[in-house]
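Report on one structure; see the data block that follows.
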Amino acid sequence: MNKNLYSPLIFEHTHKGRKGYALPDYGKGEICLPPVLLRSNAPELPEVDEPTVVRHYTNSSNNNFGVDTGFYPLGSCTMKYNPKVNEAMVSRSGVANLHPAQPALSVQGALRIYRSLEKYLSEIGGMSEFTLNPFAGAHGEYVGLRVVRAYHISRADEARRKVLVPDSAHGTNPASAAMAGFEIVEVKSRPDGTVDMDDLQSKLDETVAAMMMTNPNTAGMFEYNIPQIAEAVHAVGALMYYDGANLNPMLGIARPGDMGFDVMHINLHKTFSTPHGGGGPGAGPVGVRKGLEEFLPNPRVTEHDDGSLAIEFGEDAFGRVSSWLGNFTVYIKALAYILSLGADGIAKVGPLSTLNANYIMNSLKDLYRLPIPGPCKHEFVFDGLIDKSTGVTTLNIAKALLDYGFHAPTIYFPLLFHESLMIEPTETENIETLDRFIEVMREIANAVVYSPEKVKNAPYTTPISHPDEDEAALNPIVKYEDLHHEAL
């Protein structure tokens, strides 16, 4: 631990009898609670004054990193800037004061927002209809796969219990398929990161329910065989599922529905600039091609002939996956983003994100090993340094970046390469930021030549410098009383 940067815990500021609050006497007398609700001992809370509390948490918050504080090139997660106009929209009283139990006639404006976003996403994805009910990307995967299952059950085709998943897929793909009750069958990738067609053909039969794919794939490469893949999967009666995690570079270029996908989910926090991380709130809308709409989960927003909107429950839906209609304020942020960019702006997202990624990749490939040559899409993967003789690892490089004020890219994913360093700049970063990142990455690579041990011991400017990751994972200190100050 870096002692100079160590921030004391709030408990270390405690002084017995000190308070940071004063409650007024409302003259209500003593309130008697049932004994079952009373504590046997007073809570062990820190005793501190208000200025100390404010300063402690303000200083602690300065240790957080986010897209508002610096460059966040986290590959496969699209940590793009969140425009502040989005936040302004959800702060309006007409939104903030809504209650989900209000009658549909009293929230026609809110339902119009829901319906408008659903239509925009359908157009962008090349789908017939969307549901906005899922709370996150992985939740959307689960919902999409339940739609797949409901479709096959409706055709009395319940023998389809397998879902094909490429070995380069996000970890949530096989997990979601298992949660939906399917057996996972892995499909191998070729050296260029794309699906091995021969391996795929060997695993296609009438027991397959669907194939899950991300395009561009997790290595940032476009699946150029997608028409043949879709044709082969459909030929055995299975459906194509699109993981929308990498939809960002497709905006303005291609639509999953046009590629042959039947079901898809979109991560609004990745493609449409709603906040990402921290456990939520999130949203993972699911879209389906024509003929699958009836299987989407309840409730659904429908439009009557007179233009009024209603919340309805369909008999063929596979069930319900969220309370009410999901995270409504997240929809507003996504819709504000779409409307602020317009059709012309949305069409520039894909090309700009692809341009930024290729700019960084080509500026660093002389020092970092590029396992898949050629143009990438919105992200790319280095396999550590070209010169591995020093023993400096991808983890060392990621930690060294912290000293320069950059968040580290995704490391050791995808699992296709031993020292994966996955970089995604997004379309929202300017040339000056990209050039500075390139300069720092080159500086780290050059420092390895002259002083590898210095790079291995980074970072030097963070509150925690170089902990034992294995020990921290196996034996985490999660309680104040377990903290041994002599180890600081």
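- For T428 (side chain) and K80 (main-chain N/O), no donor-acceptor pair under 3.5 Å exists by modelled atom type.
- Distance check: K203 NZ to L164 CG gives 8.0 Å after rounding to the nearest 0.5 Å.
- Minimum interatomic distance between A180 and L145 (heavy atoms only, all atoms of both residues): CB-CB, 3.9 Å.
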Determine all donor-acceptor pairs shorter than 3.5 Å in which one atom belongs to a side chain in residues 313-328; sequence neighbours excluded.
unit_1 : atom_1 : unit_2 : atom_2 : d
R320   : NE     : S322   : O      : 3.2
S322   : OG     : N133   : O      : 3.1
N327   : ND2    : G282   : O      : 2.7

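- The main-chain N or O of N173 is never found under 3.5 Å from a side-chain atom of S176 such that the two would form a donor-acceptor pair.
- Of the possible donor and acceptor atoms, none in the side chain of T271 sits under 3.5 Å from a partner among the backbone N and O of L268.
- A side-chain N or O of S273 and one of N86 form a donor-acceptor pair less than 3.5 Å apart.
- Ionic pairing of K84 and D68 is present here: one or more N-O contacts between side-chain nitrogen and carboxylate oxygen are shorter than 4.0 angstrom.
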Listing, residues 369-378 side-chain donor-acceptor contacts under 3.5 Å, not counting sequence neighbours, or none:
unit_1 : atom_1 : unit_2 : atom_2 : d
R369   : NH1    : D383   : OD2    : 2.7
H378   : NE2    : N246   : OD1    : 3.3

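- Using cut-offs of 30° and 60° on the angle between ring planes, the pair H139 and F135 is parallel.
- Under the 30°/60° scheme for interplanar angles, the aromatic rings of Y331 and Y114 are found to stand perpendicular.
- R436 and E439 are joined by a salt bridge, as a carboxylate oxygen and a charged side-chain nitrogen come within less than 4.0 angstrom of each other.
- Using a 4.0 Å cut-off between charged nitrogen and carboxylate oxygen, E206 and R160 do not count as a salt-bridge pair.
- Looking only at atom types and distance, the side chain of N356 has no donor-acceptor partner in the side chain of E427 under 3.5 Å away.
- Of the possible polar contacts, one joining the D262 side chain to the M240 backbone as a donor-acceptor pair under 3.5 Å is found.
- Using modelled atom types and a 3.5 Å distance limit, the side chains of T393 and N396 yield a donor-acceptor pair.
- Of the N and O atoms on the side chains of N430 and T433, at least one donor lies less than 3.5 Å from an acceptor on the other residue.
- Look at D366 and R442 and you find a salt bridge, because one of the NZ, NE, NH1 or NH2 atoms lies within 4.0 Å of a carboxylate O, short of that distance.
- In this structure, R112 pairs ionically with E303, as a charged nitrogen and a carboxylate oxygen lie closer than 4.0 Å.
- For residues 393-419, the set of pairs meeting the salt bridge (Lys or Arg N to Asp or Glu O under 4.0 Å) definition, not counting sequence neighbours, comprises K399-E469.
- Checked for salt-bridge contact, R255 and E123 meet the test: a charged N lies under 4.0 Å from a carboxylate O.
- When each of E379, H269, H276, K270 is paired with T78, the side chain to side chain contact (heavy atoms under 4.5 Å, CB included) condition holds for K270 and for no other.
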